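These figures come from a predicted structure and were not determined experimentally.
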Amino acid sequence: MSQVCNPDSFCYVCGEFVVRRYRSNITDYISKCYLKCFGFPIANQDENWVPHKVCKNCQLEFGACAKNPGQVFRRFKIPMRWGKPSDHDEDCYFCRTDTSGYTAKTAKYIQYPTNTSSERPVKHPDKQKSSTSAGGPSRSSTRSTDKPVVYTEAKFKALVRKLALSEEKAQLMKSVFAEHNFLAPKFK
């Protein structure tokens, strides 16, 4: 992939692409909160193959954990794990993640690769997917009365046509929607 390799466009904690205005440097405060929340320190900050930034969503989550002793990091149980890539073309998380053209609003649609050198975060088994995205803060995450959009088969097909998705990408989107209960019960 002809993607420019820029680890600092990603969050060290969640591994998601973050637009510039929603990323911050990893500070001593963030490092201490990370250690407190996960039980191990931030590592390899002297290397160029790991992010040196954190997204605002993770930063806010650390703040909540610091203010409330005993509170766990709610976004996930285990953070992103980084290892040195063996090959930029085949094993570099950053080079294999296409972020071109994405904005804070559309960053939630980025597809992240599976690599041998990195492991995506592990969510809490009893928690549903967070409604926030590392691209930027989400207003909907603060409203408890919001319900997810449920797609009927006709509504889903209209969305696929509107987005001009290939059959393969439509099937991928369908499986993701099903995983997060965004499809109507009688959807085929």
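The two atoms that bring Pro121 and Val13 nearest to each other are CG-O, 4.2 Å, heavy atoms only. Across all their heavy atoms, Met80 and Ser118 have their closest contact at CE-CB, 3.8 Å. Nearest heavy-atom pair across Gly63 and Tyr29 is CA-OH, 3.5 Å. Closest of all the heavy-atom pairs between Phe10 and Gly15 is CD2-O, 3.6 Å. The two residues Val50 and Trp82 make their nearest non-hydrogen contact at CG1-CB, 3.6 Å. Contact between Ala104 and Val19 at its shortest, heavy atoms only, is N-CG1, 3.6 Å.
In the hydrophobic clustering of ILVMFWY residues, with side-chain heavy atoms under 4.5 Å counting as a link, Val122 and Leu35 come out apart.
Once rounded to the nearest 0.5 Å, the distance linking CD1 of Ile30 with NZ of Lys32 reads 12.0 Å. Atom SG in Cys58 sits 15.0 Å away from atom OH in Tyr22 (nearest 0.5 Å). The structure places CE of Met173 at 11.5 Å from NZ of Lys169, a figure rounded to the nearest 0.5 Å. To the nearest 0.5 Å, atom NZ of residue Lys123 and atom CD1 of residue Ile78 are 12.5 Å apart. The line from CZ of Phe156 to CD of Glu153 is 9.5 Å long, rounded to the nearest 0.5 Å. Atoms OG1 and NZ, on Thr103 and Lys108 in that order, are 9.5 Å from each other to the nearest 0.5 Å.
Distance alone, capped at 3.5 Å, places no donor-acceptor pair between the Glu16 side chain and the Cys11 backbone. In terms of modelled atom types and a separation under 3.5 Å, the side chain of His52 and the main chain of Asp46 share no donor-acceptor contact. Gln45 places a side-chain N or O within 3.5 Å of a backbone atom of Pro51 that can act as its donor or acceptor partner. Side-chain atoms of Arg120 come within 3.5 Å of backbone N or O of Cys14 as a donor-acceptor pair. Remark: the backbone N or O of Ala64 is paired with a side-chain donor or acceptor of Asn68 at under 3.5 angstrom. With hydrogens and angles disregarded, no donor-acceptor distance shorter than 3.5 Å links the side chain of Thr97 to the backbone of Phe94.
With sequence neighbours excluded, the residues that form a side chain to side chain donor-acceptor pair (under 3.5 Å) with Asn25 are Lys53. The side chain to side chain donor-acceptor pair (under 3.5 Å) check on Ser175 picks up nothing, with sequence neighbours excluded. Taking the side chain to side chain donor-acceptor pair (under 3.5 Å) definition, one finds that Tyr34 meets it with nothing, sequence neighbours left out.
Between Tyr93 and Tyr112, the ring-plane angle classifies as parallel under the 30° and 60° cut-offs.
A side-chain donor-acceptor contact under 3.5 Å links Asn115 and Arg96. Judged by distance alone, the side chains of Ser24 and Lys56 do bring a donor and an acceptor atom under 3.5 Å apart.
Ring centroids of Tyr109 and Tyr102 are separated by 6.0 Å or more, keeping the two rings apart.
Lys174 is listed as a side-chain neighbour of Gln171, based on a closest heavy-atom distance under 4.5 Å.
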| task | Start with the C-alpha distance between Arg23 and Tyr12, add both sets of side-chain angles, then the distance that settles side chain to side chain donor-acceptor pair (under 3.5 Å), and finish with yes or no. | result | CA-CA 10 Å; Arg23 59 178 106 122; Tyr12 181 90; over 6 Å; no

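Within a 6.0 Å radius of CD in Glu90, no more than 12 heavy atoms belonging to other residues, nucleotides or ligands are found. Few gaps surround NZ on Lys36; more than 12 heavy atoms of other groups in view lie less than 6.0 Å from it.
A cation-pi contact links Arg81 to Phe40, judged by a cut-off of 6.0 Å to the six-membered ring centre and 45° from its axis.
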